[in-house]
Protein chains: 4
Amino acid sequence: MSQDAPAPPKRGRPRSAAARRKALDAAREILVRDGFGRLTIEAVAQASGVGKPTIYRSWSNAQELAMEALLEAAPDAPLPGDGAAPREALTALLSRIVRAFATTRGRQIAMALATADPDSEFTRAFRNRVILESREAGRRLLLSAVARGDLAPPADMDALLDMIFGALMFRLLAGHRPLDPALAHAIVAQVFGSPSGPPLGTDAAPT
Amino acid sequence: MSQDAPAPPKRGRPRSAAARRKALDAAREILVRDGFGRLTIEAVAQASGVGKPTIYRSWSNAQELAMEALLEAAPDAPLPGDGAAPREALTALLSRIVRAFATTRGRQIAMALATADPDSEFTRAFRNRVILESREAGRRLLLSAVARGDLAPPADMDALLDMIFGALMFRLLAGHRPLDPALAHAIVAQVFGSPSGPPLGTDAAPT
Amino acid sequence: MSQDAPAPPKRGRPRSAAARRKALDAAREILVRDGFGRLTIEAVAQASGVGKPTIYRSWSNAQELAMEALLEAAPDAPLPGDGAAPREALTALLSRIVRAFATTRGRQIAMALATADPDSEFTRAFRNRVILESREAGRRLLLSAVARGDLAPPADMDALLDMIFGALMFRLLAGHRPLDPALAHAIVAQVFGSPSGPPLGTDAAPT
Amino acid sequence: MSQDAPAPPKRGRPRSAAARRKALDAAREILVRDGFGRLTIEAVAQASGVGKPTIYRSWSNAQELAMEALLEAAPDAPLPGDGAAPREALTALLSRIVRAFATTRGRQIAMALATADPDSEFTRAFRNRVILESREAGRRLLLSAVARGDLAPPADMDALLDMIFGALMFRLLAGHRPLDPALAHAIVAQVFGSPSGPPLGTDAAPT
DNA sequence: TATTAAACGAGACGGTACGTCCTGTCTTGGT
DNA sequence: ACCAAGACAGGACGTACCGTCTCGTTTAATA
């Protein structure tokens, strides 16, 4: 991505990895302690002892720095074993997301997403990594459920996925109801049908 | 709560409705023309000819002013006649929302929501007015569909509503796929079942 | 001066003397407590319970109000009996001025004088009342001293008076040396000559 | 006092002398053109193209900036040759001061002095430079006059100096009489005695 | 005694300036 | 060549007062 120069002559002093680290750590701490609105380059430079120009060399504004800090802090999605029962696996996945979002960081991620330039390369990377990765895990689970006959093949898989993951983000942002684990179960029940009754959206008899 | 002063004598010069109007109009124009990031109290004062302190007297920061401006500009939800077929009515409702969000204003609303203090009274009012009103219209439509037997009663109505409306917001914010009218149809199909086949979540299925 | 309107019909409610009083009292207290820089119309209105327009009806800005408040507070110069020995009377007069200026008020008077529009009618009145009245008393004392033969008739009486009173103001403003009672005696000695020895500036040998 | 850091390493970008210059020049021009009351940090920043924070880095308020601008503009006191006749030299010195004060700047200096915090370090420096330097020149002239026998040794030299220079300031501030060159001559005559006749306060006034 | 006009308190108005904060760039001296 | 430090121009922030302008309420002279 930044390697398109085939022969980087590597002149001069190389960038200090330590400086990046200190900046990211300071940024993360500020995010956690004071929230997104206080994450200024000035404050990060102050707190980390890294010079402002050095920070600007790595990130072009506070949003990008925030995103990378959040992205780092994101749990590295140990996605549930695909061998398990898809319904339970999806429930587990959504529950993990709920728990992650329930912290302050969830809102910060949402703010970062909403505030950032939607077309920036960084924003795209962030979306892919933080948001859509889980969505793809969900897709795999739904496909395996369909393969096992637990779920009728949905007419529009993408729309279904957006309904599932959008519900979480909607609760988080609109805040009209708490974002709690019960939602994960309710969503799964809605998709697969009630545990006892016939599954949602399928006419395939339980057999 | 607001009834403790039974006869507030209304001393002093009353607030000027004209000043509020000019400020809101200028704010709206700036939002449309330059986006949320440029909506500065300074700029609004400049553009509207209203003094800064006067603006601060009515709104305590740029977010609040932005919200009221967006809120005003929000279409006054001419909700579909509840007598019509609920499935078509829901499709129409979601399509209208998609069209509204597809404009710049959609992202602005999302940014305002994400950026603002989630506990502020203004934020709450904004959520109720702009976000949850449509959700309630959706609830009414789903209930009437259930009453007509078009839809199996969902186990968790709130979760279902959040899935429906969350999908729209998710597409808007994550931006991984376009927020287009096809999504409205896909969501409705997912909820009610494919047009020809048996509806989703119906118990009409089992045989 | 304000009588050029031949028939002031004096209809309507007359100005409230109480409002003037409250404003002046509040102004004086603020001057004493917080100094000249804090004497704002706003603060006086707040502290006195008098409305801002009412204050502006009587004084056209904070300087004028300050001046009138200071002027009121000025000791009503019970000038020394002209029958007494002029030299001692002048010493007493200057000592009194030193004492008055040594308080915070002295500086405030100087600030008011320096800050105010030099051509305003109010400033002229203030100067006449607060500054020049003492100067005229001094002139009378010098004249009587000349009449008694205690003092040679000065070539330029006005210049001499300005030297006497200017010395006080100079110490007050420049602050290079304290404005203390010793100065009053030193000035008198300078003008009349040392009590025992020959007067100042003469080359007449001490005999 | 300023020696506790023996080797201040002077890190970071040094202050720009050009910025200071531009600010001071703009300040001086505003003082001359519009007067002390219009000397706003805002206006200086505007007129000079220097950022407000940069100005605040060098001066902590408008008074200090005004003082430094006035101080710069002050004529560098080419004090009269001490070898000349002291009486004529003193007359020349006072005349020069009268001429300097007769301009707008005189009043501005007085306003700056009166308005500023009397204990600020800047105010002290200003006083020393602008006010007291001339006074010291006057002291030297008087001493040499005494040495030559032109003048009887005054009982209190400081008081005499304050009378001489205070007279100028008094006329300037009180404004009861013009501050014109005649005053310089009158003061000198008062101190040294009339050129022809016997000096002031002499016992030549017999009987 | 009733009318009525002016002054009253309150406080919002359009402004100006304040002094602080942060942005993103630039310029030092020190590894 | 990169680093930290920090000054730079710019610009928005939210506050304080300015002096003016309604408001609705006294209040006292007049009619």
Side-chain angles (χ1 to χ4, degrees), chain A residues 9-16 18-19 22 38-46 48-57 60-62, chain B residues 9-20 22 38-46 48-58 60-62, chain C residues 9-19 22 38-46 48-58 60-62, chain D residues 9-20 22 38-46 48-58 60-62:
Chain A
K10 281 288 202 125
R11 302 237 290 146
R13 178 175 174 177
R15 296 257 178 101
S16 152
K22 285 190 287 183
R38 297 299 175 90
L39 185 80
T40 57
I41 298 289
E42 197 90 34
V44 171
Q46 191 70 32
S48 66
V50 168
K52 278 205 296 174
T54 301
I55 297 176
Y56 277 106
R57 230 170 269 127
S60 68
N61 54 52
Chain B
K10 278 281 207 145
R11 304 242 276 156
R13 176 176 176 174
R15 296 264 176 95
S16 152
R20 276 181 65 89
K22 284 190 288 183
R38 298 297 177 89
L39 185 80
T40 303
I41 296 289
E42 203 97 4
V44 171
Q46 192 70 31
S48 66
V50 168
K52 268 205 302 173
T54 300
I55 297 177
Y56 278 107
R57 232 170 264 128
S58 288
S60 67
N61 52 54
Chain C
K10 274 292 200 122
R11 301 241 287 152
R13 176 178 178 177
R15 296 259 178 99
S16 152
K22 284 190 288 183
R38 297 299 176 90
L39 186 81
T40 59
I41 299 290
E42 199 91 34
V44 172
Q46 192 70 32
S48 66
V50 169
K52 277 205 296 174
T54 301
I55 297 176
Y56 277 106
R57 231 169 266 130
S58 290
S60 67
N61 53 52
Chain D
K10 276 282 207 146
R11 304 242 275 155
R13 176 176 176 176
R15 297 263 175 96
S16 151
R20 275 182 65 90
K22 284 190 288 183
R38 296 299 176 90
L39 185 79
T40 304
I41 297 288
E42 202 97 1
V44 172
Q46 192 71 31
S48 66
V50 168
K52 271 205 298 174
T54 299
I55 297 176
Y56 277 107
R57 230 171 267 128
S58 289
S60 68
N61 52 54

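Note that the structure is a prediction, hence the values are computed from the model and not measured.
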query = Start at the 5' end of DNA chain E and walk down; is the nucleotide closest to A:P53 or to D:A62 reached first?
reply = D:A62
ask   = Which residue lies toward the 5' end of DNA chain E, B:S16 or C:G51, if each is placed at its nearest nucleotide?
value =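 Result of the comparison: C:G51.
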Shortest non-hydrogen contact from [X] to [Y]?
X     : Y     : answer
D:S48 : D:K22 : CB-O, 3.5 Å
A:A43 : A:R38 : CB-O, 4.1 Å
D:A19 : D:T54 : CB-CG2, 4.1 Å

inquiry  = Does a side-chain N or O of C:T54 approach OP1 or OP2 of E:dC8 to a distance below 4.0 Å, or not?
reply    =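 Answer is yes, contact under 4.0 Å.
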inquiry  = Taking only side-chain N and O atoms of A:R57, does any of them lie within less than 4.0 angstrom of OP1 or OP2 on F:dC3?
reply    = yes
key: Integer-rounded Å distance: E:dT16 P and D:I41 CD1   =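 Nearest whole value for this atom pair: 18 Å.
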message = Expressed as a whole number of angstroms, how long is the span from D:E42:CD to E:dG15:P?
response = 16 Å
ask   = Toward the 5' end of DNA chain F, which comes first, A:V50 or B:Y56, by nearest nucleotide?
value =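 In this pair, the answer is A:V50.
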remark   = The nucleotide from E:dT23, F:dT20, F:dG14 with an atom nearest the side chain of C:K52 is F:dT20
D:R15, nearest nucleotide to its side chain (from F:dC13, F:dA7, E:dT25) =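 Nucleotide nearest to D:R15's side chain: F:dA7.
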ask   = E:dC13 base to B:R13 side chain: any donor-acceptor pair below 3.5 Å?
value = no
